[in-house]
Visitor: 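Take a look at this one; I'll ask things after.
Every heavy atom of this structure was used, including side-chain atoms; hydrogens, water molecules and symmetry mates were not.
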Amino acid sequence: MLRPPFPQWCWENDIPEHWPQMDVVAVVSSPWKVGDLIDWWYKDCFWTGKIIELLGEDKVKIICPEKPIGEGGCWAADTKDLRPALDWPLLKGWTAPLSQ
């Protein structure tokens, strides 16, 4: 079984007037902040991580889980390369992970 595509998402203050027809839409309520669980686009795929520091308006420092679960290490990332982390359990579909 293949996981379905990641759902559309947007900031709460930037909800489009007309959404494409989708079963699930993720709305993020605030700008990125320390502690947010994210997916980071890096080397042609998404890596899960957590924001540990805000480095400016468009940059954050993230930490990724260690191998074999993740890439490991701390990284500076552009906010344009982030999306909210979502889990996909087979029986529940897309859900927001609990903050750690």
Side-chain angles (χ1 to χ4, degrees):
M1 164 171 271
L2 293 176
R3 181 177 82 167
F6 194 85
Q8 290 279 338
W9 73 278
C10 72
W11 297 107
E12 185 177 47
N13 63 351
D14 199 23
I15 297 174
E17 196 171 310
H18 301 287
W19 281 97
Q21 185 62 35
M22 297 190 76
D23 291 337
V24 177
V25 174
V27 177
V28 180
S29 63
S30 63
W32 300 118
K33 59 188 177 301
V34 171
D36 282 349
L37 301 176
I38 51 87
D39 291 336
W40 170 45
W41 184 252
Y42 177 66
K43 293 187 178 179
D44 296 326
C45 65
F46 280 101
W47 297 92
T48 298
K50 180 167 62 171
I51 296 175
I52 59 172
E53 185 179 347
L54 303 175
L55 298 176
E57 192 172 306
D58 298 327
K59 275 213 178 294
V60 295
K61 187 175 189 178
I62 64 170
I63 188 166
C64 294
E66 293 300 318
K67 294 178 182 181
I69 296 169
E71 183 70 5
C74 292
W75 306 81
D78 293 329
T79 56
K80 69 177 179 54
D81 295 329
L82 304 181
R83 69 180 187 188
L86 296 176
D87 291 333
W88 189 75
L90 183 59
L91 297 177
K92 291 183 178 182
W94 290 108
T95 60
L98 297 175
S99 294
Q100 300 171 7

Visitor: Any chance you could measure Trp40, atom CH2, to Cys64, atom SG, to the nearest 0.5 Å?
Guide: 5.5 Å
Visitor: How long is the gap from CG on Asp36 to NZ on Lys50, to the nearest 0.5 Å?
Guide: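 Between Asp36 CG and Lys50 NZ, I get 10.5 Å after rounding to 0.5 Å.
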Visitor: Rounded to the nearest 0.5 Å, how far does OG1 of Thr48 lie from CG of Leu86?
Guide: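 Separation between the atoms: 10.0 Å.
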Visitor: Looking only at heavy atoms, what is the nearest atom pair of Gly49 and Pro65, with distance?
Guide: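 The answer is CA-CD, 4.3 Å.
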Visitor: Are Lys59 and Asp78 close enough for a salt bridge, meaning some N to O gap below 4.0 Å?
Guide: yes
Visitor: Shared ILVMFWY cluster between Trp32 and Ile62, side chains joined below 4.5 angstrom?
Guide: yes
Visitor: Please collect all salt bridge (charged side-chain N to carboxylate O under 4.0 Å, His left out) contacts where either partner lies in residues 37-49, sequence neighbours excluded, each pair once.
Guide: Asp39-Arg83
Visitor: Return the minimal non-hydrogen interatomic distance between Lys61 and Cys74, and the atom names on each side.
Guide: CE-CB, 3.9 Å
Visitor: So how far is it from Trp75 CH2 to Asp81 CG, rounded to the nearest 0.5 Å?
Guide: 13.0 Å
Visitor: Please tell me if the side chains of Leu82 and Ile51 come closer than 4.5 Å, counting only heavy atoms from C-beta onward.
Guide: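 Side-chain contact under 4.5 Å: yes.
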Visitor: Do the non-hydrogen side-chain atoms of Leu54 and Val34 ever get within less than 4.5 Å of each other?
Guide: yes
Visitor: Do Leu37 and Ile63 belong together in a cluster built from hydrophobic side chains that touch within less than 4.5 Å?
Guide: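 Unlinked, Leu37 and Ile63 end up in two clusters.
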